[in-house]
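To keep things clear, I will list the structure first and then write my remarks on it.
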Amino acid sequence: MMLTQAPKGTKDVLPKESYKWHYIEGEIRKICFEFGYHEMRTPTFEHTELILRGVGETTDIVQKEMYTFNDKAGRSITLKPEGTAPAVRAFIEHGLHFDTQPTKLYYITPVFRYENVQAGRLREHHQFGVELFGSPSPSADAEVISLAMTFLKRLGLDNLKVNINNIGCQECRKNYNEALKNYLKDNYDKLCDVCKDRFERNTLRILDCKEKTCQAIVKDAPVITDYVCENCKNHFEGLKHELDILNIPYEVDPHIVRGLDYYTQTVFEIITSSIKENLTICGGGRYNNLIKEIGGPDMPAVGFGLGIERLILTLEARGIEIPKPKGVLLYVATIGDKAKDEASKIVFDLRNKGIPCERDLMNKSLKAQMKYANKIGAKYVIVLGDEEIDSNKARLKEMETGKEEDIVLSDLYKILLQRV
RNA sequence: GUGGAUAUAGUUCAGUUGGUUAGAGCGCCAGAUUGUGGCUCUGGAGGUCGUGGGUUCGAGUCCCACUAUCCACCCCA
């Protein structure tokens with residue numbers, strides 16, 4: 001029955017593992033605060049037109065991976081397939097470009113792509129993204145790259161490699177496209193079908209083709225860095241200089257072009273090289289025309305996106321432990337109805353004072369209550385029966401050591417405060 | 001969109017050439033210890049064998065379709 005099955009390509013995060021997400025999200029918020037980025041939340045769906053314009057009609061996303069539908073008023077709506085276009089839309093809509101620049105934003109958002117499912121590739125996945133609007137400087141590129149690198153390192157990832165490339169501005173891209181087309185023309189028949197199609201529509205992407213025959217052809221193709229204009233060249237040199245200063249190791253890979261149309265000048269990927277394979281864990285670049293393209297001012301921007309599911313998988317594959325949260329501080333075990341009422345009051349009062357504590361809600365035996373306390377990771381247990389209530393005294397048991405001590409019940413809060 | 005593998009308890013998996021009542025580990029519940037957890041031992045609950053059709057005296061097992069999962073390709077995060 002479909003009733004009890006999540007749709008293809010979606011995943012539930014169960015209580016057992018939600019702590020992983022809390023941890024990652026916490027680290028994201030921490031580093032973004034330190035780097036001076038502020039959160040922006042945009043809607044789950046946008047007008048289809050925004051995605052078409054923003055992401056680009058020739059991309060795979062737009063051509064075959066969009067979740068698009070008409071709402072009741074007949075508007076074409078699309079679940080956002082990435083975070084940049086919506087962020088740019090919101091930036092323009094709310095006039096953030098009239099503020100002092102730069103504008104530095106981040107987001108954690110679900111994104112949707114209708115594609116075949118594989119490990120770390122879902123139809124709904126979650127992305128951490130960073131966008132820096134307003135600065136044309138290579139220092140901005142370096143800053144977002146350094147943020148991503150620092151973030152991944154802090155989580156414990158090693159063997160990180162940054163691949164960068166310069167794909168120029170619209171002007172130099174035109175020249176390069178021509179040169180590339182000229183070169184490929186002679187080998188057109190040998191290209192794979194997909195690339196034949198790309199030849200007219202999106203020549204650059206042929207560089208990215210994984211077909212062996214295409215790769216062989218591409219190997220001797222003209223290199224884009226030879227065709228970029230003075231300005232773009234300087235920008236790229238500036239970026240390399242900044243990365244050197246920050247001690248971030250990088251490699252220039254003339255074949256990365258990224259899947260999105262809006263990139264200009266810098267594109268980059270962060271690869272984690274494991275024993276088995278290299279995995280792109282983060283990708284981004286500069287998009288100097290997108291804001292204008294969507295109807296805003298002529299303003300440069302740079303950013304990246306990072307898939308959180310894939311990140312968690314990578315951490316686990318490396319055996320990197322995500323810190324587990326602590327259990328409750330106190331479990332109040334009870335014997336009898338009188339004790340239940342008393343425990344109810346005590347627990348409610350302690351919780352109000354900020355002490356995380358639990359008590360029995362299942363009418364379990366004392367033994368079962370102890371088991372439960374152990375299971376939920378209670379640091380202390382107190383057993384309440386008629387005796388304790390009448391004498392206002394009880395034994396506070398430390399679960400890890402098994403040691404017990406006599407305490408006065410009314411001092412419980414004071415004692416716990418000292419133990420936190 | 002293409003190709004391959006798989007689908008049995010909450011979970012990970014056994015299940016012989018098709019043959020009575022479908023099993024195990026872990027988890028859950030209880031007892032051993034009637035007011036004290038972890039370790040151990042004992043017992044218990046839990047399954048329309050993914051869904052629908054077909055072959056057969058008889059299907060978890062064979063055939064078909066659908067759905068989902070995993071892997072690879074395409075592409076990307």
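Any value given below was found using the heavy atoms of this structure, including those in side chains, with hydrogens, waters and symmetry copies removed.
- A straight line from CD of Glu124(A) to C1' of A77(B) spans 14 Å, rounded to a whole angstrom.
- Annotation: A32(B) and A24(B) have their C1' atoms spaced 24 Å apart (nearest Å).
- In this structure, Asn374(A) atom CG and G37(B) atom P are separated by 10 Å, rounded to whole Å.
- Between Lys371(A) and C28(B) there is no side-chain polar atom (N or O) within less than 4.0 angstrom of OP1 or OP2.
- With hydrogens and angles left out, the side-chain atoms of Ser76(A) and Glu49(A) include no donor and acceptor closer than 3.5 Å.
- What separates CZ of Arg123(A) from P of A77(B) is a distance of 18 Å, to the nearest Å.
- Comparing G35(B), A77(B), U33(B) by their closest approach to the side chain of Glu115(A) singles out A77(B).
- When rounded to the nearest whole Å, the span between OH of Tyr106(A) and P of A77(B) equals 22 Å.
- Legend: residues meeting side chain to side chain contact (heavy atoms under 4.5 Å, CB included) with Lys338(A), ordered by chain and number and at least two apart, are Asp386(A), Ile389(A), Asp390(A).
- Sorted by first then second residue, the ring-ring contact (aromatic ring centres under 6.0 Å, His included) pairs that include residues 105-154 of chain A, not counting sequence neighbours, are Trp21(A)-His126(A), Tyr67(A)-Tyr114(A), Phe91(A)-Phe133(A), Phe128(A)-Phe151(A), Phe128(A)-Phe304(A).
- Take Arg113(A) and apply the side chain to side chain contact (heavy atoms under 4.5 Å, CB included) test, not counting sequence neighbours, and it matches Ile61(A), Glu65(A), Pro81(A), Glu82(A), Glu115(A), Gln127(A).
- A7(B) and U51(B) have their P atoms separated by 13 Å, given to the nearest Å.
- Between the side chains of Thr10(A) and Glu124(A), no donor N or O sits under 3.5 Å from an acceptor N or O.
- Side-chain proximity of Leu366(A) to the nucleotides C28(B), G35(B), C75(B) is greatest for G35(B).
- A gap of 27 Å separates the C1' atoms of A22(B) and C41(B), to the nearest Å.
- Nucleotides G23(B) and U40(B) have their C1' atoms positioned 24 Å apart, rounded to a whole Å.
- Summarising the local packing, CD of Glu178(A) is surrounded by 12 or fewer heavy atoms from other residues, nucleotides or ligands at distances under 6.0 Å.
- U11(B) and U69(B) have their P atoms separated by 15 Å, with the value rounded to a whole Å.
- In this structure, the CZ atom of Arg121(A) is 10 Å from the P atom of C74(B), given to the nearest Å.
- The residue Leu306(A) sits apart from the nucleic acid: no heavy atom pair falls under 4.0 Å.
- To the nearest whole angstrom, the two C1' atoms, one in G19(B) and one in G60(B), are 13 Å apart.
- Comparing Ser365(A) and Val117(A) by the nucleotide of RNA chain B whose heavy atom lies nearest to each, the residue mapping closer to the 5' end is Ser365(A).
- With RNA chain B read from its 5' end, the first of the two nearest nucleotides for Gly307(A) and Ile335(A) is the one closest to Ile335(A).
- Partners of Lys104(A) according to the salt bridge (Lys or Arg N to Asp or Glu O under 4.0 Å) rule, which considers only residues two or more places apart in sequence or in another chain, are Glu143(A).
- Of the residues in residues 8-19 of chain A, Lys8(A), Gly9(A) come within less than 4.0 Å of RNA chain B through at least one heavy atom, sorted by number.
- For the pair Lys80(A) NZ and A77(B) C1', the interatomic distance rounds to 15 Å; values are reported in whole Å.
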N/O to N/O distances under 3.5 Å, protein versus nucleotides 41-46 of chain B:
none

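- Look at the P atom in both U21(B) and G25(B): the space between them is 23 Å, to the nearest Å.
- The Lys367(A) side chain lies nearest to U33(B) when the options are A77(B), C28(B), U33(B).
- Stems are defined here as 3 or more consecutive Watson-Crick or G-U wobble pairs with pairing distances under 3.5 Å; those involving RNA chain B are B:1-7 with B:67-73, B:10-13 with B:23-26, B:28-32 with B:40-44, B:50-54 with B:62-66.
- For Lys345(A), the salt bridge (Lys or Arg N to Asp or Glu O under 4.0 Å) partners are Glu342(A), not counting sequence neighbours.
- Distance noted for atom P between G50(B) and C13(B): 15 Å (whole Å).
- Counting to the nearest Å, the C1' atom of C75(B) and the OH atom of Tyr114(A) are 16 Å from each other.
- Residues of residues 380-409 of chain A that place a heavy atom closer than 4.0 Å to RNA chain B, in numerical order, are Val383(A), Glu387(A), Glu388(A), Lys397(A), Met399(A), Glu400(A), Gly402(A), Glu404(A).
- In the interface, the side chain of Arg113(A) is not paired with the base of C76(B) through any donor and acceptor atom under 3.5 Å apart.
- Side-chain proximity of Lys375(A) to the nucleotides G27(B), C76(B), A30(B) is greatest for G27(B).
- Here the C1' atom of nucleotide A30(B) and the CE atom of Met362(A) are 14 Å apart, to the nearest Å.
- Every residue was checked against the salt bridge (Lys or Arg N to Asp or Glu O under 4.0 Å) condition with Glu400(A), not counting sequence neighbours, and none meets it.
- Residues forming a side chain to side chain contact (heavy atoms under 4.5 Å, CB included) with Ser410(A) (at least two apart in sequence, or on another chain): Asn392(A), Val408(A).
- Listed for the Tyr37(A) side chain is no donor-acceptor partner under 3.5 Å among the backbone atoms of Glu131(A).
- One N or O on the side chain of Thr264(A) and one on the backbone of Asn288(A) form a donor-acceptor pair closer than 3.5 Å.
- By the 6.0 Å contact criterion, OH on Tyr183(A) is enclosed, its count of non-hydrogen atoms from other residues, nucleotides or ligands being greater than 12.
- Shown here are the salt bridge (Lys or Arg N to Asp or Glu O under 4.0 Å) partners of Lys181(A), two or more places apart in sequence or in another chain: Glu200(A).
- Atom CZ of Arg41(A) is surrounded by 12 or fewer heavy atoms from other residues, nucleotides or ligands within 6.0 Å.
- Residue Leu311(A) is classed as having no contact, given no heavy-atom separation below 4.0 Å to the nucleic acid.
- Closest to the side chain of Asn116(A), from the set A32(B), G1(B), A77(B), is G1(B).
- Salt-bridge annotation for Lys11(A) and Glu17(A): absent, with no side-chain N of the basic residue lying under 4.0 Å from a carboxylate O of the acidic one.
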